[in-house]
Engineer: 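Could you have a look at this structure, given as structure tokens, before my questions?
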Amino acid sequence: MSGGDMAKPLLGHRSVEGEQRVAPAAGRTIGVLGSGDFARSLAIRLVCSGFRVVVGSRNPKRKAGLFPSAAEVTFQAEAVKKTDVIFVAVFREHYSTLCDLADVLAGKILVDVSNNTEINHHKESNAEYLASLFPACTVVKGFNVISAWTLQSGARDGNKQVLICSNNQEAKRIVAEIAQVMGFTPVDMGCMSSACEIENIPLRLLPAWKIPIFLALGLFLCFFTYNLVRQVIHPYIREQKNKFYKIPIEVVNTTLPCVAYVMLSLVYLPGVLAASSQLYYGTKYRRFPDWLDQWLQHRKQIGLLSFFCAALHAVYSLCLPMRRSHRYLLIETAVKQAVEKKMNIWVEEEVWRMEIYISVGIIALGLLSLLAITSLPSIANSLNWREFSFVQSTLGFIALVISTLHTLTYGWSRAFDENQYKFYLPPTYTLTLLVPCTVILAKVVFSLPCVHQRLLRIRRGWEKGRYVKFVLPSATGEYSSGETSSNV
Ligand code: NAP
């Protein structure tokens with residue numbers, strides 16, 4: 001491992017006022033059991049953060065060359081004797097081989113950094129298992145969410161949070177301090193019973209994205225099949241025309257905007273359903289059904305996938321004229337016109353439709369980009385609640401309206417042309433309009449003063465049919481109290 005970035009401590013030990021202060025943990029001797037990838041990266045990072053490091057290996061002579069010269073590599077028992085805090089960088093299945101060290105380990109802090117290969121792989125967490133093998137030690141779970149790569153490349157690259165749990169507050173404090181000096185952010189996850197949860201974290205693959213990705217794939221598959229039938233299968237069956245060349249670009253490019261547009265409307269539909277439920281029940285305290293709760297929580301991911309599809313649609317559209325099929329068709333049309341001696345092929349209405357349709361599409365994509373950028377945590381954190389809600393709610397809704405204009409100008413009068421109904425199937429764009437138009441219509445209804453006021457009152461805690469206490473001044477100037485329905 002070269003010096004470079006690693007040579008410098010990640011955090012200068014400065015207080016907020018800029019005063020130099022010696023970090024209490026730095027200078028302490030830290031033990032590391034094991035000499036694998038994680039142990040090596042950990043030792044390098046610890047040395048660079050100002051700690052003395054002693055590595056315990058079964059074969060110190062062979063492994064010493066892999067560690068920085070500042071770290072001492074020795075036999076396991078020797079290493080353990082020299083320190084009070086020991087990182088166990090060994091797999092769970094090898095914990096029992098450390099039992100010979102039980103006497104020298106007694107009274108020391110063991111940091112369990114291990115991960116499993118499957119979620120909830122064992123009945124008890126690895127840290128609890130380690131604690132059961134070494135009852136005279138204090139076990140702290142931590143650092144397992146940090147990869148060997150993050151340790152090597154520095155805490156500025158990758159996840160900075162180190163989740164820590166233990167039944168011993170003092171041991172937890174010491175490990176948290178070490179993490180902080182190394183440039184990480186310790187997060188107290190409570191007592192040892194949280195170890196299982198901490199061990200499952202690195203095994204989860206984009207948990208918040210599963211439902212939105214399946215939704216996007218499902219919509220893509222439906223619209224792709226629909227477009228395939230209309231654009232390729234229909235001409236093949238009815239006119240024996242081979243249009244299969246359209247599948248990789250044209251069919252995909254007519255599918256992507258459908259998915260993007262419907263997904264964008266699905267970002268705002270749960271809000272409409274939630275508001276309708278609040279209006280219907282006249283309260284904001286009634287729990288939404290689980291599916292609606294889940295849907296509301298996935299709006300950000302659904303919106304980002306909508307932006308992804310819209311961006312792909314823009315790139316595909318730009319590439320359409322590059323295709324050889326497009327050039328052949330263009331020349332074919334030109335030759336036909338020359339043969340028919342048609343000089344003026346300018347159709348004013350078509351020209352205007354195209355200009356408006358493209359321009360509106362670009363604006364919609366611009367707004368979607370803005371929504372995507374402001375949903376990034378670093379940007380979102382710099383906005384106050386009102387700014388964030390203005391961008392995500394108001395601008396997002398404007399993006400939906402502009403996307404609707406884009407779809408309508410694209411479709412124009414095709415919905416009324418019977419030639420467009422292939423196998424009696426309406427043009428795809430008419431189908432995509434259903435959900436977005438419902439959302440827009442509902443939003444318009446909610447903005448009517450009578451509905452808006454009622455919704456506002458409900459969101460401030462007013463409830464239909466709930467009796468509230470009131471206090472009125474009597475004719476004599478004294479106050480009398482009573483109860484009335486807030487509905488009245
Ligand atoms: P590794 O490269 O295979 O190293 C494991 C080390 O365990 C070996 O080098 C060996 O060192 C030591 N060991 C002690 N007793 C052993 C035995 N009986 N049999 C085999 N090895 C024994 O694994 P690693 O990637 O460093 O992972 C070590 C621990 O860190 C694991 O629990 C893992 O879940 C955790 N972790 C790893 C990462 C990562 O990015 N790699 C990230 C988070 C957590 P000696 O031969 O010197 O004794």
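Counting convention: from 1, in listed order, for ligands and their atoms alike. On a predicted model such as this, the values are computed, not experimentally measured, just so you know.
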Engineer: Does Ser276 reach the side chain of Val272, with side-chain heavy atoms less than 4.5 Å apart?
Structural biologist: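 Ser276 reaches Val272 side chain to side chain.
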Engineer: Mind checking side chain to side chain contact (heavy atoms under 4.5 Å, CB included) for Lys284 and listing every partner two or more places apart, or none if nothing turns up?
Structural biologist: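 Partners of Lys284 by the side chain to side chain contact (heavy atoms under 4.5 Å, CB included) criterion, ordered by chain and then number, come out as Gln278, Ile458.
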Engineer: Under 4.0 Å between a Lys/Arg side-chain N and an Asp/Glu carboxylate O for Arg287 and Asp293?
Structural biologist: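 So Arg287 pairs with Asp293 through a salt bridge.
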Engineer: Determine, for Tyr281 and Arg286, whether the Lys NZ or Arg CZ falls below 6.0 Å from the six-membered ring centre while staying within 45 degrees of the axis.
Structural biologist: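 Pair Arg286/Tyr281 counts as cation-pi.
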Engineer: Are any protein N/O atoms closer than 3.5 Å to the N/O atoms of ligand 1? If there are, list each pair with names and the distance to one decimal place.
Structural biologist:
| from | atom 1 | to | atom 2 | distance (Å) |
| --- | --- | --- | --- | --- |
| ligand 1 | 2 (O) | Asp37 | N | 3.1 |
| ligand 1 | 9 (O) | Gly36 | N | 3.0 |
| ligand 1 | 11 (O) | Ser35 | N | 3.1 |
| ligand 1 | 11 (O) | Ser35 | OG | 3.3 |
| ligand 1 | 19 (N) | Arg58 | NH1 | 3.4 |
| ligand 1 | 19 (N) | His94 | ND1 | 3.3 |
| ligand 1 | 19 (N) | His94 | NE2 | 3.4 |
| ligand 1 | 21 (N) | Arg58 | NH2 | 3.3 |
| ligand 1 | 26 (O) | Asp37 | N | 3.1 |
| ligand 1 | 26 (O) | Phe38 | N | 2.8 |
| ligand 1 | 32 (O) | Val90 | O | 3.1 |
| ligand 1 | 34 (O) | Asn115 | N | 2.9 |
| ligand 1 | 40 (O) | Ala148 | N | 2.9 |
| ligand 1 | 46 (O) | Arg58 | NE | 3.4 |
| ligand 1 | 46 (O) | Arg58 | NH2 | 2.8 |
| ligand 1 | 46 (O) | Lys63 | NZ | 3.1 |
| ligand 1 | 47 (O) | Ser35 | OG | 2.4 |
| ligand 1 | 47 (O) | Ser57 | OG | 2.5 |
| ligand 1 | 48 (O) | Arg58 | N | 3.2 |
| ligand 1 | 48 (O) | Arg58 | NE | 2.9 |

Engineer: Determine which pairs satisfy ring pair (Phe, Tyr, Trp, His ring centres under 6.0 Å) with at least one residue from residues 359-403, sequence neighbours left out, and list them in order.
Structural biologist: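 Sorted result for residues 359-403: empty, none.
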Engineer: Which pairs pass side-chain hydrogen bond (donor to acceptor under 3.5 Å, both in side chains) with one or both residues in residues 51-72, sequence neighbours excluded?
Structural biologist: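 Matches after skipping sequence neighbours: Thr29-Arg52, Ser35-Lys63, Glu72-Lys82.
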